[in-house]
Amino acid sequence: MFRQFRDSVAVALTEALESLELPSADLGIEEPPEDLPATLASSVAFRLAGEMGAAPPQVAQTVADAIDPDGVDYLSAVDTQGPYVNFHTNDAYLADTLETAQADSYGRLEDQKTSVVVEHTSANPTGPVHVGRARNPIVGDAVANLLDFAGYDVDRHYYVNDAGRQMAVFTWAYETFDETALEDEPARDRVEYDLVRYYRKGNHFLENAEPAEVEAAEAEITSILQGLEAGDEAAYERVGTVVDQVLGGMKDCLARLPAAFDEFVKETRFMRDGSTTAVADRLKESEYAVYEEDAWQLDLSAHGFEKNLVFLRSDETSLYTTRDLAHHEWKFDNYDRAVTVLGEDHKLQAGQLQAALEILGNDTDRLDDVIYSYVNLPEGKMSTRRGTGVMLDDLLDESIDRAREEVESRLDDRIRNDDLDADDIDRIAHQVGIGAVRYDIVSKQPTKAITFEWDRALDFEAQSAPYVQYVHARCCGILDEADTMPELGAIDPAALSDPAAIDLLRTIARFPAVVEAAADEHKPHIVATYTREFAEAFNGFYRECPVLSADDPAVRDARLALVSASKHTVANALSIIGVAAPDSM
RNA sequence: GGGCGUGUGGCCUAGCGGAUCAGGGCGAGGGGUUCCUAACCCCUCGAUCGCGGGUUCGAAUCCCGUCACGCCCGCCA
């Protein structure tokens, strides 16, 4: 109801200002500090003071007097406090919130009639997913969930870089070396842990072998790349053998988060269908194209980039960005909007891509990037090639193990006699363990650098996933024990008179606005912050207001409805950030 | 050298022009459970928001400068 209230206040305030013949371009509507009773406030008086030749508090009073609360949705009264005009909600605001939030889908926004493709992760299929890039699937999945919940028609894509030099090296190494030549056993019984050993072996060979041997290897690698460029079916198959296996393993790892994709889009697709060549041809025709040092380049100085972007090598083969151009035009053909989640190291490339897309005549306003910083180890960067780094699988395992210990240590002093069995313990360990990892990452602004430390990443204390998950479990516990749910029509919202209950209901009322703001800015961490605020509000209510043992049946029913609304709110907020909502824990 | 990003109490973090807004959390110290799960709650200690200027009625928030850290500046991806 918060969004509706905000809209109606904006209209009322605009009309009031117009009636006073004052400018209404900047309404200055904001949320007042927590300890004030008003739901919304306006700071227009500051800006109008000069124009009216009066002090801000007086201006505020004049404006407030010009608004008649009657007929304005959810508005009960307008008053002032110093220079601020404050807007208070009426009973219907809370009553409608309580009723609306009874729906499982509470918070989901209206259909935006817009399709959007969210591309995330897109890690080269060279080996196991490590924590350094784990931010990508976690943030990416949350962004996709968020847009979906905000009413967009979302597809999730993983762009597979299967045409680059790295994959050619990998393919050559896989075909060349015998398993007996590999030094270590796979770190884990899954295909990408097995095959990455060939990749590392190959890279090691190229860096250390005799020049003649390296030259021969390079010739083979080049022939693979040229085969791909020439549309040679055998080359696709050779590379595909490696790519599909490794990708399959990575997919299994990502599924643990869980992060799932609607489509894995291979870049070779845009070589095979001729669109990459077509893009290059069109670029050649553009006014920004230059042919220097035997290679076709784009002069992007007018777009703010110092150096030229090479889009065709001297041997006529395409580069990553050229293929990505064809890829993005394909996105534009099939979707209204495109969001890409990518590491800060790709930022320059993304900017060049966007400039080139504009040169090709695309409307790049349809494209948005979400940039995140890599997670580094205290001793430096993680690297698949060098085999340094913490694997996401290991992080998840460790987190689940610690969560399991936590559950087991709590079993003895559980008050609730719901007899958790082995399956429950396993379920809770997974929900909490994986939830904690995701929450830790999704709750921070992605642009902030993170240095990975086990204990910090696996903290189950307050302001973490379990803190919020526990609120959901409490809701379920109460609803479970209440034999019947009251009829919607039988609920009297007025029975919720305690400050803690009203505070909770007001927090619930804000949820759709939080979803809207987070989706508009592609910032799932806003939802994570909200879950924490929500949990605090709920815990306050839980402490102050007994539900099942409430003496007055009307109070009990109203509180029960509030718990139900709370459950939907927290469950949906958690689902957006990809954290499981346990029924018990 | 240039570009982009980050800089909030011992540590992590929210806020990113508006009201005693410097908010949470961890850590430290002290309390709370015959009552819907104490992975909870309450209290105390602790920050002039990297530093210096400027704009503004008002700046952690905007501008300029400066320092520190990260990322990038390939006919790699």
Side-chain angles (χ1 to χ4, degrees), chain A residues 28 30 32-36 41 43 46-47 49-50 55-56 81-84 86 122-124 126 161 163-167 267 292-297 304-308 310-315 317-321 323-324 343-349 351 371 373-374 376 381 403 406-407 409-410 413-418 428 432 440 443-445 447-451 453 455-456 459-471 473-482 525-526 528-529 532-533 535-536 539-540 542-550 559-560 563 584-585:
Chain A
E30 60 191 66
E34 264 180 54
D35 48 319
L36 294 184
S43 58
F46 284 115
R47 265 147 277 133
Q81 190 163 338
Y84 291 89
N86 288 338
S122 302
N124 292 345
T126 52
N161 307 137
R165 181 183 151 81
Q166 287 186 78
M167 292 323 301
E267 64 175 334
E292 286 175 10
E293 296 173 29
D294 299 326
W296 278 99
Q297 319 189 3
F305 298 96
E306 278 183 44
K307 300 201 173 173
N308 287 355
V310 176
F311 63 89
L312 276 185
R313 295 190 181 98
S314 45
D315 66 357
T317 57
S318 64
L319 286 96
Y320 173 81
T321 304
R323 289 170 233 134
D324 207 15
E344 59 179 342
D345 53 336
H346 285 66
K347 215 171 163 181
L348 176 66
Q349 189 271 329
I371 311 282
S373 294
Y374 272 72
N376 289 322
K381 294 182 75 168
E406 201 70 27
V407 184
S409 72
R410 287 164 198 277
D413 42 38
R414 269 178 82 86
I415 295 175
R416 196 178 183 80
N417 58 343
D418 52 0
I428 296 166
V432 169
D440 182 57
S443 62
K444 296 181 170 104
Q445 298 208 53
T447 45
K448 289 210 176 210
I450 295 180
T451 300
E453 284 164 48
D455 288 337
R456 197 184 289 161
D459 185 3
F460 296 157
E461 295 300 306
Q463 204 171 79
S464 69
Y467 176 71
V468 180
Q469 290 175 312
Y470 192 58
V471 165
R474 276 181 156 171
C475 288
C476 291
I478 294 171
L479 294 174
D480 215 39
E481 226 159 285
H525 85 268
I526 290 176
T529 301
R532 198 204 77 219
E533 291 166 357
E536 281 166 5
N539 284 329
Y542 185 86
R543 182 180 69 248
E544 303 292 337
C545 306
V547 178
L548 299 174
S549 56
R559 288 179 178 171
L560 217 39
V563 171
S584 66
M585 60 187 278

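Just so it is clear: chains get the letters A, B, ... in the order the sequence lines come, proteins before strands, and each one is counted from 1. On a predicted model such as this, the values are computed, not experimentally measured, just so you know. Because only heavy atoms are used, hydrogens play no part in the values below, and waters and symmetry mates are left out as well, while side chains stay in.
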Do [X] side-chain atoms and [Y] backbone N/O form a donor-acceptor pair below 3.5 Å?
{"X": "A/D315", "Y": "A/T317", "result": "yes"}
{"X": "A/R47", "Y": "A/S43", "result": "yes"}
{"X": "A/S443", "Y": "A/H525", "result": "no"}
{"X": "A/R313", "Y": "A/L319", "result": "no"}

Measure from the side chain of [X], starting at C-beta and using heavy atoms only, and say which of [options] lies closest.
{"X": "A/K448", "options": "B/C41, B/U6, B/A19", "result": "B/U6"}
{"X": "A/N376", "options": "B/C36, B/A19, B/G70", "result": "B/G70"}
{"X": "A/T447", "options": "B/U6, B/G23, B/C71", "result": "B/U6"}
{"X": "A/H346", "options": "B/C40, B/A77, B/A39", "result": "B/A77"}
{"X": "A/P32", "options": "B/A38, B/A14, B/A19", "result": "B/A19"}
{"X": "A/I428", "options": "B/A77, B/A39, B/C72", "result": "B/A39"}
{"X": "A/T529", "options": "B/A14, B/A19, B/G5", "result": "B/A14"}
{"X": "A/Y320", "options": "B/C36, B/A77, B/C40", "result": "B/A77"}
{"X": "A/Q445", "options": "B/C16, B/G23, B/C40", "result": "B/C16"}
{"X": "A/P466", "options": "B/A19, B/G74, B/A39", "result": "B/A39"}

What distance, rounded to whole Å, do you find between the two [atom1] atoms, one in [N] and one in [M]?
{"N": "B/C43", "M": "B/U48", "atom1": "C1'", "result": "25 Å"}
{"N": "B/G9", "M": "B/C51", "atom1": "P", "result": "9 Å"}
{"N": "B/U8", "M": "B/C40", "atom1": "C1'", "result": "28 Å"}
{"N": "B/A59", "M": "B/A14", "atom1": "P", "result": "23 Å"}
{"N": "B/C26", "M": "B/C42", "atom1": "P", "result": "11 Å"}
{"N": "B/C4", "M": "B/A28", "atom1": "C1'", "result": "40 Å"}
{"N": "B/A19", "M": "B/C57", "atom1": "C1'", "result": "13 Å"}
{"N": "B/G3", "M": "B/G74", "atom1": "P", "result": "16 Å"}

Classify [X] by what it touches in the nucleic acid, base, sugar-phosphate, or nothing, heavy-atom distance under 4.0 Å.
{"X": "A/C475", "answer": "nothing"}
{"X": "A/L319", "answer": "sugar-phosphate"}
{"X": "A/V407", "answer": "base"}
{"X": "A/H525", "answer": "sugar-phosphate"}
{"X": "A/L560", "answer": "nothing"}
{"X": "A/R323", "answer": "sugar-phosphate"}
{"X": "A/S584", "answer": "base"}
{"X": "A/I371", "answer": "nothing"}
{"X": "A/S43", "answer": "base"}
{"X": "A/A41", "answer": "base"}
{"X": "A/S373", "answer": "nothing"}
{"X": "A/N308", "answer": "nothing"}
{"X": "A/F305", "answer": "nothing"}
{"X": "A/V471", "answer": "nothing"}

Report the base-pairing partner of [N] (Watson-Crick or G-U wobble, both distances below 3.5 angstrom), or none.
{"N": "B/U66", "answer": "B/G50"}
{"N": "B/G1", "answer": "B/C73"}
{"N": "B/A28", "answer": "B/U44"}

Neighbour count >12 (heavy atoms, 6.0 Å) for atom CD, A/E34:
no
Both A/E544 and A/E306 contact RNA chain B. Taking the nearest nucleotide for each, which residue is further toward the 5' end?
A/E306
5'-most contact on RNA chain B: A/G82 or A/R165, nearest heavy atom basis?
A/G82
Within this structure, what is the [atom1]-to-[atom2] distance between [X] and [N], rounded to whole angstrom?
{"X": "A/F46", "N": "B/A59", "atom1": "CZ", "atom2": "P", "answer": "11 Å"}
{"X": "A/E267", "N": "B/A77", "atom1": "CD", "atom2": "C1'", "answer": "8 Å"}
{"X": "A/E536", "N": "B/A38", "atom1": "CD", "atom2": "P", "answer": "17 Å"}
{"X": "A/D440", "N": "B/C11", "atom1": "CG", "atom2": "C1'", "answer": "14 Å"}
{"X": "A/Y542", "N": "B/A39", "atom1": "OH", "atom2": "C1'", "answer": "12 Å"}
{"X": "A/R474", "N": "B/C41", "atom1": "CZ", "atom2": "P", "answer": "8 Å"}
{"X": "A/L348", "N": "B/A77", "atom1": "CG", "atom2": "C1'", "answer": "13 Å"}
{"X": "A/R543", "N": "B/G32", "atom1": "CZ", "atom2": "C1'", "answer": "11 Å"}

Nearest 0.5 Å please: distance from the CZ atom of A/R474 over to the CG atom of A/L479.
14.0 Å
Just to confirm, is there a sub-4.0 Å distance from OP1 or OP2 of B/C72 to any side-chain nitrogen or oxygen of A/K381?
yes
